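Here it is, the structure, as structure tokens.
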Amino acid sequence: MDGSWHHEVFRGQASFGLRVTEVLHEAQSAFQRIEVLDTPMLGTVLVLDGIFQTAERDERSYHEMIVHPALCSAPSIERVLVIGGGDGGTAREVLRHPGVKRCVMIEVDREVVEVCQRHLPTLGAGVWDDPRLDLRFGDGVAFVAETTERFDVVILDGSDPVGPSRGLFGKRFYENVRRVLGDTGVFALQSESPTVDEALFFDIQGALRDVFDHARPYFGAVYLYSAGLWTWTLASAVSLPEGPRPERLAPIAPGCDFYDADVHRAAFVAPPFVRRRLKS
Ligand code: SPD
């Protein structure tokens, strides 16, 4: 916080700031510094270790896009694993799919969930009491390394690769995700920005392509991340359809502001500099 502003500073070279009218919560958990800020621009905003994570009035562009391309194209969606996503926005979009029978969510920091339940209730609306949700607190890296459970879809909704999220990036973690998915499962993850951090984006793509037969980034914009292009990636052992399966899209489409069949197809069109590097 700088007076009545919060600035997210990137490598000491750039910053994005929001004016803050009130600090609603400020505490150090066992894992990270958690702040909840009231802002005129985006409403209530969650900040972890100084980094903007999600905002009441700018969350749908991210949560619809991390969930629906996977859930609308995967061969099966009965068993879904969400790693991270403590604000509840990702689980909320998962549970809008009537075909999901069970959603296990592994969040490392119980305090993030409690703080978001209190201050960002719209993100987890309908989630916390849904009998299909199995919320567990623990380390997602250890969970995928040790579990014997199998999932149709794994969604990684972590923060940047610093602090508690560091282990969620890299080949060893992706190999374990590949194992819990079996032969037809789909992995969806937030995969950072090729405009702001080109090296990190291509490292993630390279590691995914080492582990999965198919890995394709898709593109969108999230104002809060002030990154120009933001990306997510779908990775799987099977090739996926170019667009959503109509029977999956139909029940969720009326509640979407940022996702539909056209957006799905368009999002997978990569800019030339990405295509050249990925040779796809
Ligand atoms: N640069 C911040 C990226 C954060 C991505 N995850 C946000 C969590 C929203 N559920």
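This structure is a prediction, so every number in the text was calculated from the model and none was measured. Just the heavy atoms: all of them, side chains too, but no hydrogens, waters or symmetry mates, feed the values below.
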Is it true that L168 and F212 fall in one hydrophobic cluster, defined by side-chain heavy atoms closer than 4.5 Å?
yes

S61: partners by side chain to side chain donor-acceptor pair (under 3.5 Å), with sequence neighbours left out:
none

To the nearest 0.5 angstrom, please state how far the NE2 atom of H63 sits from the CG atom of D157.
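With rounding to 0.5 Å, NE2 (H63) is 5.0 Å from CG (D157).
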
Using modelled atom types only, decide if a donor and an acceptor are shared between the side chain of R178 and the backbone of G182 within a distance under 3.5 Å.
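Judged by distance alone, yes, a pair lies under 3.5 Å.
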
Roughly how far, to the nearest 0.5 Å, is CG of L200 from OG of S193?
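The CG atom of L200 is 9.5 Å from OG of S193, to the nearest 0.5 Å.
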
For the atom pair CD (E93) and CG (L71), what is the distance rounded to the nearest 0.5 Å?
10.0 Å

Within the side chain of T147, is there an N or O that forms a donor-acceptor pair under 3.5 Å with the backbone of F143?
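No; judged by distance alone, with no hydrogens or angles, the pair does not exist.
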
Are M41 and V47 co-members of a hydrophobic cluster defined by side-chain heavy atoms under 4.5 Å apart?
yes

Nearest heavy-atom neighbours spanning A91 and L133
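Nearest pair, atom of A91 first, then L133: CB-CD1, 4.4 Å.
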
How long is the straight-line distance from CG of L46 back to CD1 of I34, given to the nearest 0.5 Å?
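If we round to the nearest 0.5 Å, I34:CD1 and L46:CG are 7.5 Å apart.
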
Which pairs, with at least one residue in residues 251-278 and sequence neighbours excluded, count as a ring pair (Phe, Tyr, Trp, His ring centres under 6.0 Å)?
H68-Y259, Y218-F268, Y259-H264, H264-F268

Using the ring of each side chain (for Trp, its six-membered ring), is F16 parallel, tilted or perpendicular to F52, with breaks at 30° and 60°?
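The rings of F16 and F52 stand perpendicular, inter-plane angle above 60°.
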
Single-linkage hydrophobic cluster, 4.5 Å side-chain cutoff, V100 and V180 together
no

Ring pair (Phe, Tyr, Trp, His ring centres under 6.0 Å) partner of Y62, the single match among Y223, W230, Y225:
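The option that passes is Y225.
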
Would V67 end up clustered with V82 when hydrophobic side chains under 4.5 Å apart are linked, directly or stepwise?
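Shared cluster, yes.
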
Within residues 46-56 or reaching into it, pairs that qualify as side chain to side chain donor-acceptor pair (under 3.5 Å) - sequence neighbours excluded
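Every side chain to side chain donor-acceptor pair (under 3.5 Å) pair that includes a residue of residues 46-56, provided the two are not neighbours, is T44-E56.
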
Tell me if a side-chain donor or acceptor on R209 pairs with a main-chain N or O of H214 at a distance below 3.5 Å.
no

For R150 and E78: C-alpha separation, side-chain torsions, deciding distance, then whether salt bridge (charged side-chain N to carboxylate O under 4.0 Å, His left out) applies.
CA-CA 11 Å; R150 292 292 174 268; E78 287 188 5; over 6 Å; no

Please list all pairs passing the side chain to side chain donor-acceptor pair (under 3.5 Å) test where one or both residues lie in residues 127-138, with sequence neighbours left out.
R102-D134, D130-R132, D134-R136, R136-E149

Tell me whether E64 is salt-bridged to R96, with the criterion being a basic N under 4.0 Å from an acidic carboxylate O.
no

Regarding E192 and T231, do their side chains bring together a donor and an acceptor under 3.5 Å, going by distance alone?
no

Donor-acceptor under 3.5 Å (E35 side chain, V23 main chain)
no

Ion pair E242/R216, N-O distance below 4.0 Å:
yes

Might you point out which heavy atoms bring P75 and V186 nearest each other, and give the distance in Å?
CD-CG2, 4.0 Å

In terms of hydrophobic clusters joined by side-chain contacts under 4.5 Å, are M105 and V80 together?
yes

Grab the two heavy atoms, one from S76 and one from V153, that are nearest each other, plus how far apart they are.
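Taking every non-hydrogen atom into account, O-CG2, 3.8 Å.
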
H6 NE2 to L37 CG distance, which is reported to the nearest 0.5 Å
6.5 Å

When you measure from the side chain of R179 to the backbone of A145, do you find a donor-acceptor pair of N or O atoms at a distance under 3.5 Å?
yes

Under 3.5 Å, is there a donor-acceptor pair between the side chain of E107 and the main chain of G86?
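It does hold such a pair.
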
Drop me the distance from R277's CZ to F202's CZ, to the nearest 0.5 angstrom.
4.5 Å

Test item: R92 side-chain N/O and G124 main-chain N/O as donor-acceptor pair under 3.5 Å:
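Side chain of R92 to backbone of G124: no pair is present.
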
Using the side chain to side chain donor-acceptor pair (under 3.5 Å) rule, take Q205 and T233 through it: C-alpha gap first, then chi angles, then the decisive distance, then the call.
CA-CA 8 Å; Q205 298 304 315; T233 299; 2.8 Å; yes

Listing request: all ring pair (Phe, Tyr, Trp, His ring centres under 6.0 Å) pairs with a residue in residues 144-180, at least two apart in sequence or in separate chains.
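Residue pairs passing ring pair (Phe, Tyr, Trp, His ring centres under 6.0 Å), neighbours aside: Y174-F187.
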
Got a sec, which pairs hit side chain to side chain donor-acceptor pair (under 3.5 Å) with one end in residues 9-18, sequence neighbours left out?
R11-D197

